[in-house]
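What follows is one structure encoded as C-alpha cells, with my remarks underneath.
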Amino acid sequence: MKIFLHLGFFLFSTLLISNLLIQPIFAGTNVDPNAKTNPDGTPITPANGTVILESPIAAKNVNELISKVIIFIMGIIGSLTLLMFVYGGLTWMTAAGAADKVKKGRDILVWAIIGLAAILFSYAMVDFVLKGLGV
C-alpha cells in the first residue's frame with residue numbers, strides 16, 4: 001500500500017511540475033527583435049489586436065527547456081538528499097544505544113547515498129547520450 005502512495009505522489013508532483021514549467025512555453029513568444037517598444041521596454045501590441053506573451057522560462061528551444069527542467073529537478077533532489085542525511089544522522093545520534101534505531105539511521109544514510117549515486121549516474125548517462133546525438 002505504501003508503494004502506491006509513493007507512486008501517486010511521484011505522478012502528482014511530476015504532472016504539477018510539468019504543468020507549471022512546460023505549459024507557459026506554449027503561450028508563444030512571437031516578439032520581433034526589430035519591433036518598436038514602449039518607453040518602459042514592453043513591445044507594442046500589433047495593429048490586429050493580438051497579444052504577445054513572453055515566456056517566463058526564456059528557453060530558446062526544446063533542448064534548453066529540457067536542460068533547465070533537469071537542473072531544477074537536480075536541485076530538488078540535492079535538497080531532499082541533504083534532508084535525508086540530516087534525518088538519518090539525527091536518528092542515529094538519538095538512538096541512545098538502541099540497536100534498531102542505530103540500524104534505521106544507518107540504513108537511511110546508506111539509501112540516501114545509493115539514491116544520490118543512482119541519480120547522478122542517470123544524469124551522466126543522459127548527458128552523454130545527448131552530447132553524442134549532438135543536442
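Reckoned from all heavy atoms, side chains included, excluding hydrogens, waters and symmetry mates.
For the pair V102 and A95, the tightest heavy-atom approach, listed with the atom from each and the gap, is CG2-CB, 3.5 Å.
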Next item on the list: Kindly indicate, with the supporting measurements, whether the criterion salt bridge (Lys or Arg N to Asp or Glu O under 4.0 Å) is fulfilled by D100 and K104.
Entry: CA-CA 6 Å; D100 58 334; K104 179 181 176 185; over 6 Å; no
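At a threshold of 4.5 Å between non-hydrogen side-chain atoms, the residues K68 and F72 do not count as touching. Two residues are said to be in side-chain contact when any heavy atoms from C-beta on lie closer than 4.5 Å; K101 and W92 fail this criterion. Between I108 and M84, some side-chain heavy-atom pair lies under the 4.5 Å cut-off. Residues F85 and I113 have side chains in contact (heavy-atom distance under 4.5 Å, counting atoms from C-beta outward).
Here the rule is side chain to side chain contact (heavy atoms under 4.5 Å, CB included) with L80, and of I77, I76, L82 only I76 fits it.
Going from atom CG of L120 over to atom CG of D127 covers 12.0 Å, rounded to the nearest 0.5 Å. Residue Y123 holds its OH atom at 11.5 Å from CD1 of I73, rounded to the nearest 0.5 Å. Between S79 atom OG and M74 atom CE the span is 11.5 Å, to the nearest 0.5 Å.
L90 and L109 fall into different hydrophobic clusters, defined by Ile, Leu, Val, Met, Phe, Trp and Tyr side-chain heavy atoms under 4.5 Å apart, directly or through other members. Grouping the Ile, Leu, Val, Met, Phe, Trp and Tyr side chains by contacts below 4.5 angstrom, directly or via other members, places I70 with I119.
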